[in-house]
Amino acid sequence: MNIKLLQTFLHLCESHSFTHTSKAMHLSPSALSRQIQKLEDDIGHPLFIRDNRSVELTSAAKQLIPIALNICSEWSGYKASSNVVNNALKGQLKLFCSVTASYSHLPQLLNDFKVNYPHIDIKLSTGDPAQAIEKIESSEVDIAISAVPEKPSNKLAFEIISEIPLSIIAPLGNNQFINEINKENSNWELLPFILPESGTARNRANQWFKEQGIKPTIYAQVSGHEAIVSMVALGCGIGIAPDVVINNSPVKDKVQRLNTLPIAPFKLGLCCKKSKLNDSVIQALWQVAENTFI
């Protein structure tokens with residue numbers, strides 16, 4: 001039995017999916033099956049009940065979870081302390097954020113972080129912000145910059161760094177929507193909307209539609225907020241997007257914010273698993289974030 005095997009076991013207990021765990025732990029499905037079989041042989045009991053659709057934990061697996069968590073936590077603490085050499089913290093940090101956050105919030109955070117911890121290697125990936133929490137839960141990354149959900153999982157920790165307003169935007173100049181949007185009482189249901197496919201911004205948009213009694217005509221649902229602003233600038237429809245995305249868009253001068261009742265803003269924060277908060281590298285970034293975004 002080794003640490004990697006216990007970490008794989010714990011991930012499978014959370015994911016209930018051999019497919020998700022094999023991807024997150026960078027194992028082939030057959031290799032994952034062999035590892036779990038080896039652990040079951042070591043324990044002397046089956047740990048999972050499997051069929052084509054689900055993975056259920058046995059009583060032996062449930063008994064093993066707190067033991068595995070303790071061993072992995074102790075190992076993580078030891079490994080973190082061993083990374084401090086000559087008072088210089090060393091290690092690697094896998095971080096995920098949206099393209100916009102990579103130049104709106106990340107530079108200030110990483111500039112301060114690298115000054116204090118120059119020996120930590122940052123592995124940055126960007127993509128749809130709606131995937132941020134999923135990437136944390138699947139252990140693909142250590143920390144993500146993410147919108148804070150209304151009801152976050154009790155397994156996740158957040159450090160708030162900003163509050164993000166949202167706006168409804170339309171193309172500037174002559175376009176097919178100009179007559180309707182210039183009316184004193186616009187009929188929103190006649191306007192094609194471009195919306196985030198999922199995530200907190202989409203939830204806020206849905207909430208606004210419900211409050212206004214609007215059944216929107218949806219022209220497109222887009223992964224990633226940046227494309228919403230571009231599609232609006234091209235005249236494809238009316239969009240709802242975070243202000244930070246609009247302000248940093250290369251086509252911001254081709255769209256206009258519409259004067260409407262406000263959409264509820266959302267909070268943006270660093271996110272990681274609570275179980276990783278004792279890691280010294282993550283603690284270091286957390287502390288820098290607290291001081292940077294006061």
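Worth saying up front: this structure is predicted, and the values here are computed from it rather than measured. Throughout, residue positions are numbered sequentially from 1 according to the sequence presented.
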Is there a side-chain contact between [X] and [Y] (heavy atoms, below 4.5 Å)?
X	Y	result
F9	I43	no
I49	V55	no
L89	H119	no
I133	F158	yes

* Start with the C-alpha distance between I181 and Q256, add both sets of side-chain angles, then the distance that settles side-chain contact (heavy atoms from CB on, under 4.5 Å), and finish with yes or no. => CA-CA 11 Å; I181 64 178; Q256 60 179 315; 3.9 Å; yes
Take atom [atom1] of [X] as the centre, draw a 6.0 Å sphere, and report whether it contains more than 12 heavy atoms from other residues, nucleotides or ligands.
X	atom1	value
K273	NZ	yes
K62	NZ	no
K274	NZ	yes
N259	CG	no
K276	NZ	yes
K254	NZ	no

Considering only distance and modelled atom types, tabulate donor-acceptor pairs under 3.5 Å from the side chains of residues 121-130, sequence neighbours left out.
unit_1	atom_1	unit_2	atom_2	d
D121	OD2	K123	NZ	3.3
D128	OD1	A130	N	3.0

* Give the C-alpha distance, both sets of side-chain angles, the deciding distance and a yes or no for side-chain contact (heavy atoms from CB on, under 4.5 Å) between I246 and R257. => CA-CA 9 Å; I246 301 167; R257 288 177 171 84; 3.6 Å; yes
* Asked: Is a side-chain donor-acceptor pair under 3.5 Å present for Q287 with Q283?
  ->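 Q283 vs Q287: no donor-acceptor pair found between side chains.
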Within the side chain of [X], is there an N or O that forms a donor-acceptor pair under 3.5 Å with the backbone of [Y]?
X	Y	answer
S249	V245	no
S186	E180	yes
Q35	L5	no
E163	F266	no
T217	E189	yes

* Let me know which of I228, I240, I238 forms a side-chain contact (heavy atoms from CB on, under 4.5 Å) with L195. =>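 Among I228, I240, I238, the one meeting side-chain contact (heavy atoms from CB on, under 4.5 Å) with L195 is I240.
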* Can you list the steps and then say if L95 with L106 is a side-chain contact (heavy atoms from CB on, under 4.5 Å)? -> CA-CA 10 Å; L95 195 152; L106 198 60; 4.0 Å; yes
* Asked: Step by step, would you call D41 with Q37 a side-chain hydrogen bond (donor to acceptor under 3.5 Å, both in side chains)?
  -> CA-CA 6 Å; D41 291 342; Q37 181 63 58; 2.9 Å; yes
* V244: what forms a side chain to side chain contact (heavy atoms under 4.5 Å, CB included) with it, not counting sequence neighbours? ->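 By the side chain to side chain contact (heavy atoms under 4.5 Å, CB included) rule, V244 matches T100, S104, H105, I164, P242, N248.
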* Passes side-chain contact (heavy atoms from CB on, under 4.5 Å), I65 versus L69? Steps please. -> CA-CA 6 Å; I65 287 174; L69 282 170; 3.8 Å; yes
* Could you walk me through whether S30 and S28 pass the side-chain hydrogen bond (donor to acceptor under 3.5 Å, both in side chains) check? -> CA-CA 5 Å; S30 59; S28 68; 3.2 Å; yes
* Asked: Hey, what's the ring geometry for F209 with F193, parallel, tilted or perpendicular (30° and 60° as the breaks)?
  ->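 Judged by the thresholds at 30° and 60°, the geometry between F209 and F193 is perpendicular.
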* Quick one: which residue pairs count as a salt bridge (Lys or Arg N to Asp or Glu O under 4.0 Å) with a foot in residues 214-237, not counting sequence neighbours? =>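 Every candidate salt bridge (Lys or Arg N to Asp or Glu O under 4.0 Å) pair involving residues 214-237 fails, so no pair, neighbours aside, qualifies.
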